[in-house]
Amino acid sequence: MLVTGCAKKQPPVARPTPPPPGTTGVDRPPTPPEPVPEPPPIIPPEPMIEESDLAGRSLDELNRQSPFEPVFFGFDSYDVEPAGQVVLQANAEILKRYPSWVVTIEGHCDERGTAEYNLSLGEKRALAARDYLLSLGVPATRLRTVSYGKEFPFDPGKTEEAYAKNRRAHFVITAK
């Protein structure tokens with residue numbers, strides 16, 4: 001009987017494998033973790049104004065939660081940009097739905113410039129918005145204009161962002 005044992009045989013030992021060249025960790029700092037993308041901000045939707053609500057509202061209520069959007073202008077400009085044209089088209093549709101409404105288009109400016117210059121520029125902005133609405137078929141008898149220059153800013157700040165908010169044509173329902 002032959003007894004051979006495996007007792008003297010040593011199990012294989014795993015040897016550590018060397019890292020690939022250039023990745024020893026000594027020369028380079030560890031790779032930073034990938035940034036976790038932030039989820040997009042959740043912007044609550046604007047409250048929808050039901051059309052049936054509009055007809056029964058007073059002028060004060062209508063103007064507090066106006067169905068009209070303002071048109072914004074570039075610095076020292078009264079050109080109606082494409083974004084402004086979209087706003088005016090939507091405003092014209094509202095005016096066509098409510099044929100008895102009369103609106104006053106207020107022209108506003110940022111605080112830069114003299115009072116006289118800003119009154120003139122505000123008037124040009126109001127007239128530019130009115131002329132665009134006329135081209136869309138809104139009767140002139142339903143549109144009035146006024147310029148307030150820099151007197152009633154949306155944003156009293158002194159930043160470019162605040163100034164941009166103040167260069168506008170604002171719509172106020174004055175009769176229905």
Exercise. Output, in order, the C-alpha distance, side-chain angles, deciding distance and verdict of side chain to side chain contact (heavy atoms under 4.5 Å, CB included) for Leu95 and Phe171.
Key: CA-CA 11 Å; Leu95 284 167; Phe171 296 82; 6.0 Å; no
Quiz item: How far apart are the closest heavy atoms of Cys109 and Gly122, and which atoms are they?
Solution: SG-N, 3.5 Å
Quiz item: Under the 3.5 angstrom rule, does the side chain of Asp79 hit a backbone N or O of Glu81 as a donor-acceptor pair?
Solution: no
Quiz item: Side chains of Trp101 and Pro99: does their closest heavy-atom pair fall under 4.5 Å?
Solution: no
Quiz item: Should we count CZ of Phe68 as having more than 12 external heavy atoms under 6.0 Å?
Solution: yes
Quiz item: Mind checking whether Phe72 and Val103 sit in one hydrophobic cluster, side chains of I, L, V, M, F, W, Y counted as touching below 4.5 Å?
Solution: no
Quiz prompt | NZ or CZ of Arg168 within 45° of Phe73 ring axis and under 6.0 Å | solution = no
Quiz prompt | Thr145 side chain to Ala126 backbone, donor-acceptor under 3.5 Å | solution = no
Self-check item: Nearest heavy-atom neighbours spanning Leu134 and Pro139
Solution: CD2-C, 4.0 Å
Practice problem: State yes or no: do Ile173 and Leu54 share one hydrophobic cluster built from I, L, V, M, F, W and Y residues joined by side-chain heavy-atom distances below 4.5 Å, directly or via other members? | Solution: yes
Quiz prompt | side-chain hydrogen bond (donor to acceptor under 3.5 Å, both in side chains): pairs with one or both residues in residues 110-127, sequence neighbours excluded | solution = Asp76-Tyr117, Asp110-Arg112, Asp110-Arg167, Glu111-Lys158, Glu111-Tyr163, Arg112-Glu160
Practice problem: Say whether, by atom type as modelled, one donor and one acceptor occur between the side chain of Glu61 and the main chain of Ser58 under 3.5 angstrom. | Solution: yes
Quiz item: Between Asn166 (side chain) and Phe154 (backbone), is there a donor-acceptor pair under 3.5 Å?
Solution: yes
Quiz prompt | Min side-chain heavy-atom separation Lys176-Leu62 under 4.5 Å | solution = yes
Exercise. Kindly say whether Leu143 contributes a backbone atom to a donor-acceptor pair with the side chain of Arg130 at under 3.5 angstrom?
Key: no
Quiz item: Just wondering, are more than 12 heavy atoms of other shown residues or ligands nearer than 6.0 Å to CZ in Arg144?
Solution: no
Quiz prompt | Flag, side chain of Ser77 to backbone of Gly74, donor-acceptor distance under 3.5 Å | solution = no
Self-check item: Residue pair Val87 / Glu69: nearest heavy atoms and the distance that separates them
Solution: CG1-O, 3.4 Å
Exercise. Could you walk me through whether Leu136 and Gln89 pass side chain to side chain contact (heavy atoms under 4.5 Å, CB included), step by step?
Key: CA-CA 7 Å; Leu136 297 174; Gln89 289 165 5; 3.9 Å; yes
Quiz item: Taking a hydrophobic cluster as the set of Ile, Leu, Val, Met, Phe, Trp and Tyr residues connected by side-chain heavy atoms closer than 4.5 Å, whether directly or through intermediates, do Ile105 and Tyr132 fall within one such cluster?
Solution: yes
Quiz prompt | Heavy-atom pair with the smallest gap, counting every atom of Val71 and Gly84 | solution = CG1-CA, 3.8 Å
Quiz prompt | Contact summary for Phe152 and His108, nearest pair of heavy atoms | solution = O-ND1, 3.6 Å
Quiz item: Closest approach of Pro67 and Asn91, non-hydrogen atoms and distance?
Solution: O-OD1, 4.4 Å
